[in-house]
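One structure is given here, and the rest of the page talks about it.
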There are 2 protein chains.
Amino acid sequence: MDKKKRKQLEEKGFRVGSAADFLELTPEEEAYIDIRLDISNMVKSQRSKRGWTQEQLARAIGSSQSRIAKLEGGDPGISMDLMIKALLRLGTSKKQIGKLLEGELEPA
Amino acid sequence: MDKKKRKQLEEKGFRVGSAADFLELTPEEEAYIDIRLDISNMVKSQRSKRGWTQEQLARAIGSSQSRIAKLEGGDPGISMDLMIKALLRLGTSKKQIGKLLEGELEPA
DNA sequence: AACTAATATGTCGAATATGACATAAATAAG
DNA sequence: CTTATTTATGTCATATTCGACATATTAGTT
């Protein structure tokens, strides 16, 4: 796991199962968090790339600025569904999302 | 959209926004549903491939058989998070999920 | 410094997803 | 046609996520 994701986990205090420490995550748990962080980071980069504010993106998908902030911060209390909706609204295609998860696309 | 997905939408009566008919979906809405169906179909195929019952998969991720059935049926009331957790528990890698969304992997 | 725009953080009731459980329907084997 | 197994469907109380709103913090400008 890269430094950025590690940092996000530490700061957010991601809670998965009974593991108190992120070093004790199962491979599945780690992959799950990894995917979430990839997507949330892509939302942030794509939004910036388009010069949108969090407020603009929020309105565009019927959400609120605070939720976008939490989304981009890797908050565990944000669903993948909301993340995907945000990504799609930013013009990201299903194929691009696939590439991101494949590792062919730089998340930053 | 292929026949299988179209059929799933019709049967499940997927509700998105105010569009009563799936033909009136925005591109984002359609892509969103498309992704969900891809993932749910992959769960079903991967589970069958491994010879697991829905009950077995459910226990493996701390869920219940009924939710796995709904998941595989494309029920809108199932989160992507649960779908991804199921996929990962079945041994599917992040990379494979990416390939699926990219279209390089056959969902069936 | 002050002022402004953007982002982060926390909290609330409402909406949605959760596992559980029951039970129906399908599928398969004898 | 039974019997057993698996999958589908519906309901319920609980848990989680939702948008909203307020407010804090940060970043940039003058």
Side-chain angles (χ1 to χ4, degrees), chain A residues 4 7-18 29 32-33 36-37 39-87 89-90, chain B residues 4 7-18 29 32-33 35-37 39-87 89-90 108:
Chain A
K4 187 176 184 182
K7 192 158 175 288
Q8 281 181 298
L9 286 185
E10 288 170 343
E11 288 170 352
K12 287 295 168 182
F14 218 108
R15 287 289 166 271
V16 181
S18 57
E29 288 169 336
Y32 169 68
I33 296 176
R36 286 182 54 103
L37 291 182
I39 298 176
S40 70
N41 285 333
M42 194 180 195
V43 168
K44 183 163 192 168
S45 64
Q46 288 290 303
R47 181 181 61 81
S48 299
K49 187 180 174 186
R50 285 165 211 284
W52 285 20
T53 65
Q54 292 180 342
E55 177 67 26
Q56 285 177 307
L57 173 56
R59 296 297 177 102
I61 62 172
S63 185
S64 56
Q65 179 268 328
S66 60
R67 293 205 76 75
I68 302 299
K70 286 160 190 165
L71 189 165
E72 295 182 355
D75 191 307
I78 300 290
S79 72
M80 275 201 189
D81 297 79
L82 188 64
M83 296 195 242
I84 295 297
K85 283 177 185 171
L87 259 191
R89 192 61 185 77
L90 285 165
Chain B
K4 187 176 183 181
K7 191 159 175 287
Q8 282 182 297
L9 286 185
E10 289 170 342
E11 289 170 351
K12 288 294 167 181
F14 217 107
R15 287 288 166 271
V16 180
S18 58
E29 289 170 335
Y32 170 68
I33 296 176
I35 290 173
R36 287 183 53 102
L37 291 182
I39 298 176
S40 70
N41 286 332
M42 193 179 195
V43 169
K44 184 164 192 167
S45 64
Q46 289 289 305
R47 180 182 60 80
S48 298
K49 187 180 172 185
R50 283 171 165 64
W52 287 19
T53 65
Q54 292 181 342
E55 176 68 25
Q56 284 176 307
L57 174 56
R59 296 297 177 102
I61 62 173
S63 185
S64 55
Q65 179 268 328
S66 61
R67 294 205 75 76
I68 302 298
K70 286 159 189 166
L71 189 165
E72 294 182 355
D75 189 309
I78 300 290
S79 72
M80 274 202 190
D81 296 81
L82 188 64
M83 296 195 243
I84 295 297
K85 283 177 186 173
L87 259 192
R89 193 60 185 76
L90 285 165

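Values reported hereafter were calculated over all heavy atoms of this structure, with side chains retained and with hydrogens, waters and symmetry mates removed.
- Taking CD of B:Q54 as the start and NZ of B:K70 as the end, the distance is 11.0 Å to the nearest 0.5 Å.
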Shorter than 3.5 Å, N or O on both sides, protein versus nucleotides 24-30 of chain C: list them out with atom names.
none

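- For B:D81 (side chain) and A:M80 (main-chain N/O), a donor-acceptor pair under 3.5 Å exists by modelled atom type.
- Taking the nucleotide of DNA chain D with the nearest heavy atom to each of A:S66 and A:D81, the more 5' of the two is matched to A:D81.
- Between atom CD1 of residue B:I61 and atom OH of residue A:Y32 there is a gap of 11.0 Å, rounded to the nearest 0.5 Å.
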What verdict does the side chain to side chain contact (heavy atoms under 4.5 Å, CB included) test give for B:T53 and B:Q65, after you've listed the backbone C-alpha separation in whole Å, the side-chain angles of each residue and the deciding distance to 0.1 Å? CA-CA 9 Å; B:T53 65; B:Q65 179 268 328; over 6 Å; no
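- The CD1 atom of A:I78 sits 14 Å away from the C1' atom of C:dT16 (whole-angstrom rounding).
- Heavy-atom distances to DNA chain C give each of B:L82 and A:R47 a nearest nucleotide, and the one nearer the 5′ end belongs to A:R47.
- A heavy-atom distance below 4.5 Å is not found between the side chains of B:M42 and B:L90.
- Dashed line: the shortest gap from a side-chain N or O of A:K85 to OP1 or OP2 of D:dT17 is not under 4.0 Å.
- Taking atom CG of B:D75 as the reference point, atom C1' of C:dT18 lies 12 Å away to the nearest angstrom.
- Look at NZ on B:K44: it is 8 Å from C1' on D:dT7, rounded to the nearest Å.
- To the nearest 0.5 Å, atom CG of residue A:N41 and atom CE of residue A:M83 are 10.0 Å apart.
- No engagement by A:I68 is indicated, since no non-hydrogen atom pair under 4.0 Å with the nucleic acid exists.
- Residue A:Q65 places no side-chain atom within donor-acceptor reach of the base of C:dA6, judged by atom type and a 3.5 Å distance cut-off alone.
- For DNA chain C, the residues of residues 49-64 of chain B within the heavy-atom distance limit of 4.0 Å (strictly under) are B:G62, B:S63, B:S64, sorted by number.
- Residue A:L71 holds its CG atom at 8.5 Å from CG of A:L87, rounded to the nearest 0.5 Å.
- Between C:dG19 and B:K70, no contact under 4.0 Å exists linking OP1 or OP2 to a side-chain N or O.
- Atom-to-atom, CZ of B:R67 to P of C:dA22 comes out at 17 Å; the value is rounded to the nearest Å.
- Dashed line: the shortest gap from a side-chain N or O of B:S79 to OP1 or OP2 of C:dT18 is under 4.0 Å.
- Atom CG of A:L71 is separated from atom C1' of D:dC18 by 13 Å (rounded to the nearest Å).
- Fit an axis to the five pairs at each end of the helix from C:dA1-D:dT30 to C:dG30-D:dC1 and the two axes sit 50° apart, to the nearest 10 degrees.
- Screening residues 45-58 of chain B for salt bridge (charged side-chain N to carboxylate O under 4.0 Å, His left out) gives B:R47-B:E72, B:E55-B:R59 as the qualifying pairs, with residues at least two apart or on separate chains.
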